[in-house]
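Please read the structure below before turning to the comments.
Proteins get letters first, then strands, A, B, ... in listed order; numbering begins at 1 in each.
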Amino acid sequence: MCLAVPGKIISIHGEDLLTRTGRVDFDGVIKEVSLAATPEATAGHYVLVHAGLAISIVDETEARQTLEYLQQIDELNNELGGS
Amino acid sequence: MKYLDEYRDAALVRKVADELQRITTQPHTLMEVCGGQTHTIVRFGLDQLLPPAVELIHGPGCPVCVTPIEIIDQAIDLASRPEITFCSFGDMLRVPGSQRDLLSVKAAGGHVQMVYSPLDAVRLAREQPERQVIFFAVGFETTAPVNALAVRQAAQLGLDNFSLLVSHVLVPPAIEALLNSPDCRVQGFLAAGHVCTIMGCEEYQPLAEKFRVPIVVTGFEPLDILQGVLMAVRQREQGRSEVENQYTRSVRDEGNRAAQDLIRDVFEVVPRRWRGIGDIPRSGLGLTPAYRNYDAVHKFTLNTEQVAENSGECISGLILLGQKKPHECPAFGTRCTPQRPLGAPMVSSEGACAAYYRYRM
Ligand code: SF4
């Protein structure tokens, strides 16, 4: 039930905080999503969506760093002399 | 990046599994709190990639599973009334109450409507002013902001035909109850990344300190979970017990303030009974007095007495506390299947029994 799916905001509609929405592209499926909990979200952002509400803006830099870190795990060990 | 496939990369999964092998020198028993994580672990067989000394046990993080039976009965009562349209996430429809489930109410002609979001229920209330629309507000902290938003939108629209039947639960009090239980084997936690996306990491600090357990806030994709395990194992191998954040692409230390404001405005902390587990103080959310008109329990006359859980064969309490695995239940896969569930963990897509049935039978 805590499932949240990432999608990309294509456009934003409305000004009022409680009813502001975005059209979000989930890999080809477009849905209207509330942006009431992500007031700073703009078109182009990836958001995590749970039950029709965007609950966070995905941090691109952090996402990349996590993957880079995992890529390098074994290289780091080799540099430190293995074992 | 699409933030999905990258976190399922087989070569990277292998690398992290190798690293785990390399650093593990002693047994580690870790619990993943969230049923969504359990599902990923069983689906991708991640438990089978771990060193034999690392055991994952499945936690109570399935809101459908822990909703008390008397609230399911209240939902069934409401849904059976002709003037009411009862809206719910699909997962709740097959959860057995003391006599029947919501699906059988629907089959008998009741107005039970499956929705994807509580905001859809608000829309329905607006379109059908002659009907009373109720949304079954079940969930953890992740779902509380959108339910709060639904109430705020209904209030803004001046709707007097919308209300919530609330059964909201909170994660930290459940972790504390678990750690206080004398049978607890858990030595470290993968905390639920979407709960912490809303609430942040700070409320886990006192738990990590008091019980000396590492708590790693973790995401939901295979690589997220393996990295979460790696971080927890590394902490234990180094004698640390800290709160760490694996899911940095979504979780900020302070959480999502706008979402927290929505929750605080509409809900307050209340005691809550967990199905299969029992009463846990300050472990739930209920509507504040200011929003009482949106509370179905206040608005309609309902039986609020406790209902005895039909004990029978179902050992869901032991499953939810991580003391037994689904295949250790004598009814698993025989008398209890997703088609004919005896207990909620076989119904919900986040229930451990359903995950084992789907991927391990
Ligand atoms: S397999 Fe069925 S009966 Fe056994 S614990 Fe799970 S839900 Fe209950």
Original post:
B:Val251 versus chain A, heavy atoms under 4.5 Å apart: side chain, backbone, both or neither?
Top reply: neither

Subject >> Side chain / backbone / both / neither for B:Ile23 at chain A, heavy atoms under 4.5 Å >> reply: neither

**OP:** Evaluate the side-chain proximity of A:Leu3 to B:Phe220: yes if any heavy-atom separation is below 4.5 Å, no if none is.
**Re:** no

Subject >> B:Arg272 vs B:Val166 side-chain heavy atoms within contact, under 4.5 Å >> reply: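 In contact.
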
If you count heavy-atom pairs under 4.5 Å between each of [options] and chain A, which one has the most?
| options | value |
| --- | --- |
| B:His39, B:Arg152, B:Gln246, B:Arg257 | B:Arg152 |
| B:Gly255, B:Ser117, B:Gly193 | B:Ser117 |
| B:Leu149, B:Leu119, B:Leu223 | B:Leu149 |
| B:Gly219, B:Cys62, B:Ser250, B:Ala259 | B:Ser250 |

Electrostatic pair [X]-[Y], nearest N-O below 4.0 angstrom:
| X | Y | value |
| --- | --- | --- |
| B:Glu237 | B:Arg234 | no |
| B:Asp5 | B:Arg8 | no |
| B:Lys15 | B:Asp18 | no |

Original post:
Who wins among A:Ala51, A:Ser56, A:Gly52, A:Pro39 for the most heavy-atom pairs under 4.5 Å with chain B?
Top reply: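 Looking at each of A:Ala51, A:Ser56, A:Gly52, A:Pro39 in turn, A:Ala51 comes out on top.
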
**OP:** Among A:Leu53, A:Asp27, A:Leu18, single out the residue with the greatest number of heavy-atom pairs under 4.5 Å to chain B.
**Re:** A:Leu18

Subject >> Contacts of type ring pair (Phe, Tyr, Trp, His ring centres under 6.0 Å), residue B:His168, not counting sequence neighbours >> reply: B:Phe267

**OP:** Quick one: list whatever passes salt bridge (Lys or Arg N to Asp or Glu O under 4.0 Å) with B:Arg94, sequence neighbours left out.
**Re:**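 Per chain and number, B:Arg94 pairs via salt bridge (Lys or Arg N to Asp or Glu O under 4.0 Å) with no residue.
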
Original post:
Under a 4.5 Å heavy-atom cut-off, does chain B meet the side chain of A:Val49, its backbone, both or neither?
Top reply: side chain

